[in-house]
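Here is the structure we will look at.
Note on naming: letters A, B, ... go to the chains in the order of the sequence lines (proteins, then strands), and numbering restarts at 1 for each one.
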2 protein chains.
Amino acid sequence: MGIVVQKYGGSSVADATSIKRVAQRIVATKKAGHDVVVVVSAMGDTTDNLIDLANEVSPLPPGRELDMLLTAGERISMAVLAMAIGNLGMEARSFTGSQAGVITDSEHGRAKIIDVTPGRIQAALQEGAIAIVAGFQGVSQTTKDITTLGRGGSDTTAVALAAALDADVCEIYTDVDGIFTADPRIVPNARQIPRISYEEMLEMAANGAKILHLRCVEYARRNDMPIHVRSSFSDKIGTWVVKAEDVIPTGSTNEEGTMEQAIISGVAHDRSESKITVVGVPDKVGFAAAILQALADAQINIDMVVQNVSAAATALTDISFTLPRADGQTAMTALARLKDEVGYERLQYDDSVGKVSIVGAGMRSSPGITARFFQALADAGVNIEMISTSEIRISVIVMENQIDAAVHAAHAAFDLGTDEVEAVVYGGTGR
Amino acid sequence: MGIVVQKYGGSSVADATSIKRVAQRIVATKKAGHDVVVVVSAMGDTTDNLIDLANEVSPLPPGRELDMLLTAGERISMAVLAMAIGNLGMEARSFTGSQAGVITDSEHGRAKIIDVTPGRIQAALQEGAIAIVAGFQGVSQTTKDITTLGRGGSDTTAVALAAALDADVCEIYTDVDGIFTADPRIVPNARQIPRISYEEMLEMAANGAKILHLRCVEYARRNDMPIHVRSSFSDKIGTWVVKAEDVIPTGSTNEEGTMEQAIISGVAHDRSESKITVVGVPDKVGFAAAILQALADAQINIDMVVQNVSAAATALTDISFTLPRADGQTAMTALARLKDEVGYERLQYDDSVGKVSIVGAGMRSSPGITARFFQALADAGVNIEMISTSEIRISVIVMENQIDAAVHAAHAAFDLGTDEVEAVVYGGTGR
């Protein structure tokens, strides 16, 4: 049998007891005949505690040193996990990102993986050992300094290693059973999705589903590495994220052999959105571009943009766009500087909005999806503020206090639920 | 000006406040025009906490993984120290033992430094940065695994780096003002020694003085690297450990230009000794050798050995030797196995003994030192149990509850004290 890469997040290795439990799962996988490579995050609150310590000595710690500091977290968890496995009679060897061959660029705090050269991991496997690798970290190709990968870094490490090792699967262990058709905290009868395509998962992740980070899914898609998202607290099969042609229909099919349920795979929502409206922009060529350029210069990724038709009498228009709330202050400051140049009337900032999206590869070939979605929202009394679409996704901006109603309505409109209510809590992943 | 290597122990970097204070001292040294390399231990209790964590998952953690775990401690302290220096406007870069070029053998937990290749440290200095290096750790030349150096490891790292960098001095910062003529907790008027030779310091360290580890002094002696032992809590000049010809007399001299005070440099004591007596050994060739070989096979270093003259009537003799208390149980077990082979009567174990030593290069050329020492002990009512000597040291084993009296008597007999009482506490170093 081939190589299995398993990734355990911080909540799965929060303390000695959790680590011992994870060690048993790893040993069981090894005993089943697989070569096992484990990617591990820092234990529970370690990273937060280290950041607190850094802030005690420096308000703005240098990126190089912050990375050096934070990587101590995985160093601890990986060594302790290797010891726990050793105590079960199997040999495990821990490796830092650098030792595992995770080569990155030099962007401290958000480094990108540019190569993986896992020679030492392969040697350990050949000698019958289980390899434990620190997630979230690598070494800069140019400076040889230690780097961290930023958000989603440990998942991405796991997928990148799996790809470099030509593993059979990359298992991402988390505290939920898999990917659901909607957040079960909002929709109690949400159904676990057995298989989903990389493209759909990318849209889900980009639009608020927190189980997998966009970046790790994109890495898996590019390398065609199957991801199995599952719970570290049970032995249940979770959700497989695979290429589109491997998404096997599991529901009932109609006469043509296509699945009605597969038109929409899931409903994602995002509470981290905010909206800025630039009111009273002169409706002339170049002003909208100037506004968007100012935001780009401030490193702000905007999501949706809407420009209202101008009222003929005034020749003024409004430009609205959405962006992460975390960037709201920066964006408002950047725009305020443009006031004289552009000559707009005023800025409006609204952080009581949210985004609800339906995602499904089937909508490419199924007309009427938008109509059904919008009708469901209307029936639920949800007002649509902005709309954006991709080939396999329709997103709407709604008032924050209508997000739950919108998710419910969409989920019901496309018959995504089961009859039973799954007893799970839908949580976020660490890093 | 040249390179200064500074080593700060765990108590000097116990928390954020201490680290900020150390950062200021380092920056001051840099501003005085030196290139500065800092070797740092783990913060306060970090190492103990990590060992506790290891023991929660494994009663006997593999050495490789324990080293990986423990090196997280210095990783944290060095990064935070670098940040604190950065916050004072100077650039500092932290380096692991591996990055600093500390190459060791593969003996996990007690690795020996076999080479130092500090290319990255030199590059950092050339670019004007302060280099912060993790003490206590290196990388195995053969396996490329992370190693730790064991007791005295951080001091040894500092001296080894200083030697490899051809530094002007290796400053060892601790929580006392330097090396004293005796433990000031026992002898309140003990005097700080301004300069002491490597050889004398080796004898002091080997016989219980805890400020510098034997190993670090030996490394300095071999490489003729001056060590300056001083307090991280004051700016006082501490004790210089240098080659014998650089020990400048600072006291009054007699007509011949030699120093009477320099005959004896200091009094060391050691409370970690124990004594085993093998009673009733047949007085034949080879039995003593068999006993000592059994102890050597059990990896026990014995210190003094005494064989009593046998009583003619019985042709039996007693063999006594001293050894660290920590090895007492192992030694007794090893000897018990020999009972039938050697045919001794019984074993006696005594852990209420201690060793008191006087050390001084001057005793080579001064007759009567032993007599003066033993007379002083006799006058103080201290019974001598065993004796051993080197060219520059005389040690006696006494009852543990007479150690203080013996130290007092020796210190007074050789006029080592000052008139004032130094306000210091004589503590041990970490690692």
Side-chain angles (χ1 to χ4, degrees), chain A residues 13 15-20 22-23 42-43 46 49-50 52-88 91-96 98-99 119-120 123 129 132 134 139 143-146, chain B residues 13 15-20 22-23 42-43 46 49-50 52-88 91-96 98-99 119-120 123 129 132 134 139 143-146:
Chain A
V13 292
D15 53 27
T17 308
S18 313
I19 287 175
K20 286 194 260 192
V22 164
M43 291 170 69
T46 309
N49 294 341
L50 291 174
D52 289 347
L53 178 59
N55 288 333
E56 278 187 73
V57 301
S58 176
L60 205 67
R64 181 191 188 279
E65 299 306 324
L66 193 57
D67 280 0
M68 185 68 94
L69 178 67
L70 295 186
T71 50
E74 285 83 22
R75 196 180 193 85
I76 293 169
S77 58
M78 73 185 193
V80 176
L81 179 55
M83 290 172 191
I85 293 170
N87 200 38
L88 297 175
E91 191 196 349
R93 296 183 207 159
S94 64
F95 297 93
T96 64
S98 173
Q99 290 176 331
R120 293 190 67 180
I132 314 291
V139 60
T143 65
K144 308 297 175 204
D145 287 332
I146 301 304
Chain B
V13 292
D15 53 26
T17 307
S18 313
I19 287 174
K20 285 194 261 193
V22 165
M43 292 171 69
T46 309
N49 294 341
L50 290 174
D52 289 347
L53 178 60
N55 288 333
E56 278 188 73
V57 301
S58 176
L60 205 68
R64 180 191 189 280
E65 299 307 323
L66 192 58
D67 279 0
M68 184 69 95
L69 177 67
L70 296 185
T71 51
E74 286 81 22
R75 196 179 192 86
I76 293 169
S77 58
M78 73 185 193
V80 176
L81 180 55
M83 291 173 191
I85 293 171
N87 200 38
L88 298 175
E91 191 196 351
R93 294 182 209 161
S94 64
F95 297 93
T96 64
S98 173
Q99 290 176 332
R120 293 189 67 178
I132 314 291
V139 60
T143 64
K144 308 298 175 203
D145 287 332
I146 302 305

(message) Just to verify, what does A:Asn87 make a side-chain contact (heavy atoms from CB on, under 4.5 Å) with, not counting sequence neighbours?
(response) B:Ser58, B:Pro59
(request) Return yes if some donor-acceptor pair links the side-chain N/O of B:Arg64 with the main-chain N/O of A:Ser94 below 3.5 Å, else return no. (result) yes
Looking at every heavy atom in both [X] and [Y], which two are closest together, and how far apart are they?
X        : Y        : result
A:Arg120 : B:Thr143 : NH2-O, 3.3 Å
A:Met68  : B:Arg75  : O-NE, 3.3 Å
A:Val57  : B:Ile19  : CG1-CG2, 4.3 Å

If I measure from the heavy atoms of chain A, does [X] come under 4.5 Å with its side chain, its backbone, both, or neither?
X        : answer
B:Asp145 : both
B:Ala23  : neither
B:Leu60  : neither
B:Leu69  : both

(request) Kindly write out the residues that satisfy side chain to side chain donor-acceptor pair (under 3.5 Å) with B:Arg93, not counting sequence neighbours, or none if the list is empty. (result) B:Glu91, B:Glu127
(request) Just do the side chain to side chain contact (heavy atoms under 4.5 Å, CB included) check on A:Leu81 and B:Glu65 with the steps written out, would you? (result) CA-CA 9 Å; A:Leu81 179 55; B:Glu65 299 307 323; over 6 Å; no
(request) Name the option with the most non-hydrogen atom pairs under 4.5 Å to chain B; the candidates are A:Met83, A:Lys20, A:Lys144, A:Glu56. (result) A:Met83
(message) Shorter than 4.5 Å, heavy atoms on both sides: which option in B:Ala16, B:Gly86, B:Ser77 has the most such pairs with chain A?
(response) B:Ala16
